[in-house]
Amino acid sequence: MADPKGFLTTGREVAKTRPVAERVKDWNEVYVPGSLLPIISKQAGRCMDCGIPFCHNGCPLGNLIPEWNDYAYREDWSAASERLHATNNFPEFTGRLCPAPCESACVLGINQPAVTIKNVEVSIIDKAWDSGDVTPQPPERLSGKTVAVIGSGPAGLAAAQQLTRAGHTVAVYERADRIGGLLRYGIPEFKMEKVHINRRIEQMRAEGTKFRTEIEIGRDIDAAKLRQRYDAVVIAAGATVSRDLPVPGRELKGIHFAMEYLPLANKVQEGDFIQPPITAEGKHVVVIGGGDTGADCVGTAHRQGAASVTQLEIMPKPGEERNANQPWPTFPMLYKVTSAHEEGGERIYSVSTTHFEGDEDGNVQFLHLVEVEFKDGKLEQKPGTERKIPAQLVTLAMGFTGTDQSNGLVQQFGLELDERGNIARDENFATNVDGVFVAGDAGRGQSLIVWAIAEGRSAARGVDRYLTGTSELPAPIRPTDRALTV
């Protein structure tokens with residue numbers, strides 16, 4: 001194990017962030033560069049090497065956390081990287097973006113602050129890139145089989161890399177102008193700089209994966225014809241249909257889905273715009289939705305110079321400690337202060353939007369809200385609590401409802417859907433259409449990046465078996481597996 005007394009002698013210490021006044025003036029990652037390495041070996045030494053490591057249960061990838069903690073503690077970075085990559089294609093993504101259900105399931109977390117698993121993970125992979133330990137792994141021989149992957153988010157990229165390394169010829173189709181899916185255009189630069197995506201793409205290209213951008217299957221290429229062209233198809237198109245808010249005034253100008261707003265800020269960083277077509281500069285901004293996407297909108301608005309930022313959440317404010325009905329090792333709903341929230345703004349809980357109010361030119365100016373409370377298991381409005389707040393830019397960040405069907409992909413393939421509107425699949429991630437598989441949010445519904453990667457790896461095994469009759473690729477999860485929650 002690592003340090004046998006580490007969890008007794010060393011307290012939890014996390015990555016240091018740059019001062020707020022400094023970081024809101026740029027789009028670089030919020031953390032102090034290099035601040036983890038001086039402390040991370042001791043932090044890894046807090047791992048208890050449990051007889052039953054429940055962090056494995058919390059992580060759908062089955063990451064070998066005690067093993068790479070031990071290597072990190074001993075500063076054997078090459079061995080740590082090997083163990084890390086044994087279960088995770090893209091640890092630099094999860095190390096920055098995953099909410100770390102592994103830490104919620106850490107045994108040390110029963111009565112102490114959990115091991116900083118996420119910080120150890122990102123330290124290992126950043127060190128591996130710096131030292132040249134991350135190299136292309138092209139297959140020794142080709143199978144002669146071809147696979148199309150639709151979507152280049154974490155599920156699609158994971159499936160593509162696994163299948164390429166298994167010897168198949170893989171082409172990834174992405175409807176956007178750059179590879180990465182929501183990693184590219186849904187995650188702000190201050191949370192993950194896009195250099196991390198770019199160098200993975202170059203690694204995958206060197207391994208043999210082909211990438212086709214600005215091609216939307218269903219619109220630009222008929223899905224049925226794509227199936228005829230390839231021996232197998234993996235649909236990893238995500239659950240990109242945003243949940244709307246059908247209240248009076250929704251048609252006013254200045255009200256946008258989060259995924260209309262966030263990509264434009266990222267395109268500025270890519271050099272496509274000098275100024276984004278939708279900006280918070282000088283405006284009173286209201287973000288509807290209290291999750292991570294809402295926080296991304298908050299941080300983006302700060303950097304664009306918003307006059308004020310208010311985030312609304314319909315649910316009550318969570319507590320700072322585990323509730324009794326969310327016991328260890330489940331993932332608890334806790335009050336979370338992200339780096340974006342540290343930068344300012346107001347958060348209002350237990351409120352619902354009733355309508356929007358605009359000016360004579362059709363621009364939104366105010367948002368009317370009312371307090372709500374649970375009664376008999378239902379949310380009800382509290383009389384006499386109506387009020388309005390200034391709102392010149394409103395972003396809707398209330399989650400996603402399913403796979404986009406407007407482009408014809410589902411209909412052209414002839415895919416069946418499950419009761420929740422996701423693409424139905426069997427235990428091998430296969431759809432009802434021969435040779436067509438589905439991975440990630442398109443089959444699971446809106447979920448976490450770590451689940452997307454696990455889905456991509458597992459679907460790749462199903463595809464490999466379909467093409468060759470057998471497979472040595474790992475399958476960390478089943479389609480029916482769910483997160484460790486209550």
Side-chain angles (χ1 to χ4, degrees), residues 12-40 43 90-100 102-103 113-114 116-127 129-130 154 180 182-200 258-259 261-270 276 279-281 285 287 289-306 308-311 320 334-347 395 397 448-450:
R12 178 180 167 104
E13 191 173 356
V14 298
K16 292 182 174 61
T17 54
R18 297 185 290 130
V20 169
E22 171 190 320
R23 69 189 195 228
V24 296
K25 296 178 181 177
D26 62 47
W27 293 84
N28 300 329
E29 288 184 10
V30 301
Y31 297 104
V32 176
S35 64
L36 275 175
L37 278 181
I39 66 170
I40 208 62
Q43 289 302 304
F90 314 118
E92 65 270 40
F93 301 167
T94 50
R96 286 174 167 82
L97 304 175
C98 182
C102 53
E103 293 187 20
T116 55
I117 298 170
K118 184 173 166 180
N119 280 183
V120 177
E121 178 181 29
V122 79
S123 298
I124 293 170
I125 184 55
D126 285 356
K127 183 74 172 177
W129 278 108
D130 292 342
L182 291 187
L183 292 171
R184 174 74 64 181
Y185 287 133
I187 302 298
E189 197 85 2
F190 58 83
K191 283 182 67 174
M192 186 180 74
E193 295 174 12
K194 300 308 176 274
V195 63
H196 303 296
I197 303 175
N198 296 340
R199 59 189 180 187
R200 277 296 178 186
M259 288 310 300
Y261 172 63
L262 292 173
L264 298 176
N266 281 355
K267 281 181 170 288
V268 172
Q269 304 311 307
E270 296 281 5
T279 180
E281 184 177 1
V285 178
V287 178
D292 287 340
T293 302
D296 294 343
C297 292
V298 170
T300 299
H302 288 320
R303 282 158 181 76
Q304 291 178 342
S308 69
V309 183
T310 305
Q311 187 175 17
E320 297 184 10
L334 300 176
Y335 180 66
K336 183 178 176 182
V337 180
T338 70
S339 63
H341 297 128
E342 294 173 350
E343 295 160 2
E346 183 181 7
R347 303 166 76 179
T395 60
L448 304 177
I449 181 175
V450 68

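In this structure, L183 and K194 approach most closely via the heavy-atom pair O-CE, 3.1 Å. Annotation for A258 and A397: closest pair CB-CB, 4.0 Å, computed over non-hydrogen atoms. The heavy-atom pair separating I40 from S123 by the smallest distance is CG1-OG, 3.4 Å. Contact between F90 and P154 at its shortest, heavy atoms only, is CE1-O, 4.1 Å. Closest of all the heavy-atom pairs between H196 and E193 is CD2-O, 3.0 Å. Contact detail for V309 and A301: the closest heavy-atom pair is CG2-CB, 3.9 Å.
Side chains of E270 and Y185: no donor on one and acceptor on the other come within 3.5 Å. Side-chain contact of R12 with N119: a donor-acceptor pair under 3.5 Å is absent, judged by distance alone.
The distance from the CG atom of L264 to the OG1 atom of T279 is 10.0 Å, given to the nearest 0.5 Å. Separation of atoms CE (M259) and SG (C297) is listed at 9.0 Å; rounding is to 0.5 Å. For the atom pair CG (L97) and CD1 (I187), the distance works out to 5.0 Å, reported to the nearest 0.5 Å. K16 contributes atom NZ, which lies 5.0 Å from atom CD1 of I39 (distance to the nearest 0.5 angstrom). A distance of 8.5 Å separates CE in M192 from CZ in R184, rounded to the nearest 0.5 Å.
Between the S35 side chain and the V32 main chain, a donor and an acceptor come within less than 3.5 Å of each other. Distance alone, capped at 3.5 Å, is enough to place a donor-acceptor pair between the E103 side chain and the I117 backbone.
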What do the steps show when you test I197 against F93 for side-chain contact (heavy atoms from CB on, under 4.5 Å), and what is the final call?
CA-CA 8 Å; I197 303 175; F93 301 167; 4.1 Å; yes
Check the pair E343, V30 against side-chain contact (heavy atoms from CB on, under 4.5 Å), reporting the backbone distance first and the verdict last.
CA-CA 11 Å; E343 295 160 2; V30 301; 4.2 Å; yes
Residue pair E342, V337: steps toward the side-chain contact (heavy atoms from CB on, under 4.5 Å) verdict
CA-CA 7 Å; E342 294 173 350; V337 180; 3.9 Å; yes
Working for side-chain contact (heavy atoms from CB on, under 4.5 Å), residues R303 and R23
CA-CA 8 Å; R303 282 158 181 76; R23 69 189 195 228; 3.9 Å; yes
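Counting only heavy atoms from C-beta outward, the side chains of V122 and P91 never approach each other to under 4.5 Å. No side-chain heavy atom of F190 sits less than 4.5 Å from a side-chain heavy atom of N28. In this structure, T300 and L262 have side chains that are in contact, with non-hydrogen atoms separated by less than 4.5 Å. H302 places none of its side-chain heavy atoms less than 4.5 Å from the side chain of V20. By the 4.5 Å heavy-atom criterion applied to side chains, E121 and C98 are not counted as neighbours. Annotation: side chain of R200 is in contact with side chain of W129 (closest heavy-atom distance under 4.5 Å). By the 4.5 Å heavy-atom criterion applied to side chains, E189 and E29 are not counted as neighbours. Side-chain contact between H341 and Q311 is present, with heavy atoms from C-beta onward closer than 4.5 Å.
Using a 4.0 Å cut-off between charged side-chain N and carboxylate O, D292 and K191 make no salt bridge.
For CD of E281, the number of neighbouring non-hydrogen atoms (other residues, nucleotides, ligands) closer than 6.0 Å is 12 at most. Open room surrounds NZ on K127; 12 or fewer heavy atoms of other groups in view lie less than 6.0 Å from it.
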